[in-house]
Amino acid sequence: MQLPLPPDMNQTLFERALRSFATVVGSEWVFSTVTDLSAYYDLYAIGTRQQHTPSAAVAPASVEELQAILRLANEHRVPLWPISRGKNYGYGGAAPRLAGSVILDLGRMRRILDVNIERAYAVVEPGVGFFDIYQYFTDNDIPLWCPMPGNGVGSLIGNALEHGLAYGPQGDRGSNVCGMEVVLPSGELVRTGLGAMPRSDSWHVFKYGYGPGWEQMFMQSSLGVVTRMGCWMQPEPALARELHMQVPDEADIGWLVESLAPLCLSGVIRGPVNIGNFMRYVMGSSQRRDWYEGEGAIPDTVLAEIRHKQGFGYWPLSLMLYGEPELVEASTQVIRRALARHTDQQLEVRDWTRGTPRPPYPQFGVPISFPLRIANWLSANGGHLSFSPVIPAEKQAVLEQFRRSKQLFSDYGFDLYCAFTLGERHINVVQMLTYDQDDPAMIERAHALFNELVRDAEQRGYGEYRTHLAYMDAVADTYSFNDHALRRLNETVKDALDPNGILAPGKQGVWPARYRHLRGTS
Amino acid sequence: MTARYVATLLALSLALMNGAKATADSVGGAPASGYQGRCALCHEGHGFGVQRMRARLGEEFSLLTRRSDLTAPFIRQVVRNGFLAMPPMSRVEVPERELEEIIRYLTQPNAGAQ
């Protein structure tokens with residue numbers, strides 16, 4: 001396989017740039033062979049992996065080395081694509097938007113800089129993963145739980161910067177960031193909020209500081225490289241209670257949202273509530289051929305048989321409550337009352353109490369990796385894409401979104417994995433599209449379906465909160481108020497902070513002047 | 001020494017202990033390295049790797065630490081190039097020094113008993 005060069009560079013200039021990087025990090029931390037770079041491909045590439053292939057990778061071990069690399073990248077005009085652990089699965093993994101970018105791998109910066117138990121936060125570097133922090137807390141008897149996403153292979157910083165979702169009261173991870181250290185494209189080091197004071201021990205307990213706040217500016221962004229972050233944790237609860245119910249029918253998602261949204265808004269339930277259809281569990285524990293070998297989406301009659309055999313309702317509901325037993329019990333009663341208006345079924349209760357072994361699930365602050373299996377639903381060389389629009393937490397909106405997506409998935413011959421995550425006022429929809437990477441016709445259909453889903457949501461005013469590399473421009477196009485005023489603002493700031501366009505060109509559809517002509521290309 | 005004086009001293013020493021504890025609560029450090037830090041998430045407990053190998057090879061081959069058929073070249077090949085569902089691991093994610101350590105750990109007899 002031929003590795004690409006960065007756009008506008010020849011081999012001589014490129015090798016000169018890599019040699020200069022090696023003077024900073026040592027030649028053993030500059031990678032440019034196909035074998036070394038294969039770890040940075042999109043594991044679930046939709047189409048050919050060459051569309052988003054890096055030219056090389058460089059791995060600094062410290063802020064100082066990172067600053068030096070950024071300065072050299074400006075000097076040699078080399079585009080960099082920063083990653084923390086590079087596990088942004090379903091959205092591109094470690095791969096860069098612009099083929100030929102050099103991966104800036106921050107995985108060597110893997111220190112847990114501080115854990116404050118009383119104030120329930122941890123300060124970490126980009127390479128620290130969810131498993132690392134879990135193990136660290138466990139080994140050191142630290143009574144904190146890290147909010148765990150459904151898949152725990154990623155990093156705390158990468159996940160929060162991409163607005164990732166996790167379980168528990170601090171599960172909206174982007175909202176539970178407090179205090180960042182960032183290296184700007186120029187190489188300058190800044191600290192946000194109260195961290196701008198040379199001696200502040202309040203940096204990670206108060207978000208705003210003084211004057212404009214910049215933390216959002218570095219999320220889903222190409223305006224800086226985050227080198228440390230304060231992440232709010234959950235104090236270990238006295239009691240964690242899981243409430244279960246197998247909710248039988250598709251249309252029940254309407255009354256579920258109608259019943260639970262007010263409880264999320266009023267604080268009876270704290271943190272995101274994830275409601276996935278039964279296919280999430282079936283796809284995570286078996287392969288399609290175990291159930292059905294026909295063409296097209298699995299028919300409803302077969303899906304009903306699968307549910308019957310597995311003992312699932314259409315929506316296997318799991319709600320979590322955390323805290324003092326009296327409060328958990330009171331909240332349980334409120335939830336029971338709200339659901340009893342729509343169903344005679346009783347909620348089943350599973351309790352964990354402090355001092356006993358935790359069930360090995362993310363709801364209890366324990367990382368898991370097995371949901372990765374979903375990618376293998378269709379084949380050993382499978383992949384998945386996530387379609388992730390945001391809708392209001394309202395009955396009609398969720399029913400309409402579900403109905404339209406189900407129809408479109410069926411029209412294009414794909415099985416529907418569908419999850420709705422309730423926040424206080426909104427729902428993050430994640431519909432996972434699984435495909436066989438070895439089947440070009442299926443890949444074409446997946447592309448067509450994804451574009452149709454984006455168009456369909458746009459027509460109803462719904463935008464995606466996050467998307468795969470291949471659709472970053474298409475989704476950015478839908479944020480078009482006042483003839484793309486937001487894009488002009490984003491790119492004005494981009495050009496001011498990154499005049500050479502060295503940092504993550506094209507991320508989230510924001511292109512620096514130097515590469516702007518590449519907008520819309522693959 | 002009056003009872004009240006003793007009680008005050010006790011309260012004061014407890015307050016000092018609490019103060020000392022508050023300082024000790026602020027800690028930091030490095031995550032685990034080697035097999036525990038780099039492999040265990042997928043290859044222990046309910047991990048993805050355990051489940052995949054159980055399905056493909058059976059229970060007795062599902063845990064790396066219980067296997068005696070793993071060789072150094074094979075482990076290196078799988079880590080660096082990937083194998084089936086396991087993606088390749090970069091030299092950052094599994095540094096060379098730690099890969100050597102992992103190979104030694106998995107190829108010694110009774111690795112799981114360590």
Side-chain angles (χ1 to χ4, degrees), chain A residues 28-29 31 35-41 43 57 59 83 85-87 93-94 103 105-108 110-119 122-124 127-136 139-140 142 151-153 201 285 360-361 366-373 375-376 380-382, chain B residues 17-57 62-64 73 76-100:
Chain A
E28 70 270 35
W29 298 110
F31 312 121
T35 302
D36 278 336
L37 292 179
S38 66
Y40 301 104
Y41 297 162
L43 191 59
I83 61 166
R85 278 178 50 78
K87 308 296 181 188
I103 300 289
D105 188 338
L106 306 172
R108 293 174 70 206
R110 187 170 169 246
R111 289 178 300 167
I112 297 166
L113 298 167
D114 189 18
V115 176
N116 190 305
I117 296 170
E118 292 181 347
R119 291 183 247 177
V123 184
V124 296
V128 175
F130 289 100
F131 186 61
D132 294 331
I133 199 95
Y134 162 76
Q135 202 165 35
Y136 188 78
D139 292 348
N140 294 283
I142 292 172
N151 179 349
V153 300
D201 69 351
S285 59
Y361 299 107
V366 181
I368 54 172
S369 58
F370 61 80
L372 286 171
R373 183 166 179 186
N376 299 128
N381 192 22
Chain B
M17 281 170 65
N18 286 338
K21 184 173 179 298
T23 306
D25 277 350
S26 194
V27 294
S33 60
Y35 179 80
Q36 195 54 37
R38 309 291 188 174
C39 314
L41 173 62
C42 287
H43 287 290
E44 291 287 319
H46 296 264
F48 182 44
V50 176
Q51 294 194 6
R52 293 295 296 169
M53 289 196 296
R54 181 182 291 133
R56 198 168 56 84
L57 303 170
S62 64
L63 285 175
L64 297 178
R76 173 174 289 281
Q77 166 74 19
V78 170
V79 169
R80 291 291 179 236
N81 296 280
F83 185 59
L84 300 175
M86 177 167 155
M89 302 280 150
S90 74
R91 285 198 265 153
V92 172
E93 188 165 7
V94 181
E96 198 57 31
R97 182 178 50 78
E98 290 188 41
L99 177 56
E100 293 293 336

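The basis for the numbers below is simple: all heavy atoms, side chains too, and nothing from hydrogens, waters or symmetry mates. Letters go in sequence order (proteins before strands), and every chain restarts at 1.
A:Ile368 touches chain B through its backbone: at least one of N, CA, C or O sits under 4.5 Å from a heavy atom, while the side chain does not. Contacts of A:Val153 with chain B are made by both backbone and side-chain atoms, with heavy-atom separations under 4.5 Å. Proximity to chain A (any heavy atom under 4.5 Å) is shown, for B:Ala40, by both the backbone and the side chain. Contacts between A:Tyr40 and chain B at a heavy-atom distance below 4.5 Å involve the side chain alone, from C-beta outward. For a residue to count as touching a neighbouring chain, one of its non-hydrogen atoms must lie under 4.5 Å from one of that chain's; by this rule A:Phe130 does not touch chain B. For B:Arg38, the part lying near chain A is the side chain, with the backbone staying farther off; criterion is any non-hydrogen pair under 4.5 Å.
Top candidate by heavy-atom pairs under 4.5 Å with chain B, chosen from A:Val124, A:Leu37, A:Asn376, is A:Asn376. Contact count versus chain A (heavy atoms, under 4.5 Å) is highest, among B:Arg91, B:Met89, B:Glu96, B:Arg80, for B:Arg91. When each of B:Leu41, B:Val50, B:Asn81 is scored by its heavy-atom pairs under 4.5 Å with chain A, the top score falls to B:Leu41. Options A:Arg119, A:Glu28, A:Arg110 differ in how many heavy-atom pairs under 4.5 Å they form with chain B, and the most are formed by A:Arg110.
Taking OG of A:Ser285 as the start and CD of B:Gln51 as the end, the distance is 9.0 Å to the nearest 0.5 Å. We find the CG-CE distance between A:Leu372 and B:Met86 to be 12.0 Å, quoted to the nearest 0.5 Å. If you take OG on A:Ser369 and NE2 on B:His43, they are separated by 8.5 Å, rounding to the nearest 0.5 Å. Atom CD of residue B:Glu93 and atom CZ of residue A:Arg85 lie 4.5 Å apart, to the nearest 0.5 angstrom.
Listed for the B:Ser90 side chain is no donor-acceptor partner under 3.5 Å among the backbone atoms of A:Ala39.
In this structure, A:Ile112 and B:Pro31 have side chains that are in contact, with non-hydrogen atoms separated by less than 4.5 Å.
For the pair A:Phe370 and B:His46, the tightest heavy-atom approach, listed with the atom from each and the gap, is CD2-O, 3.3 Å.
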Residues B:Phe48, A:Asn151; criterion side-chain contact (heavy atoms from CB on, under 4.5 Å); working and verdict:
CA-CA 10 Å; B:Phe48 182 44; A:Asn151 179 349; over 6 Å; no

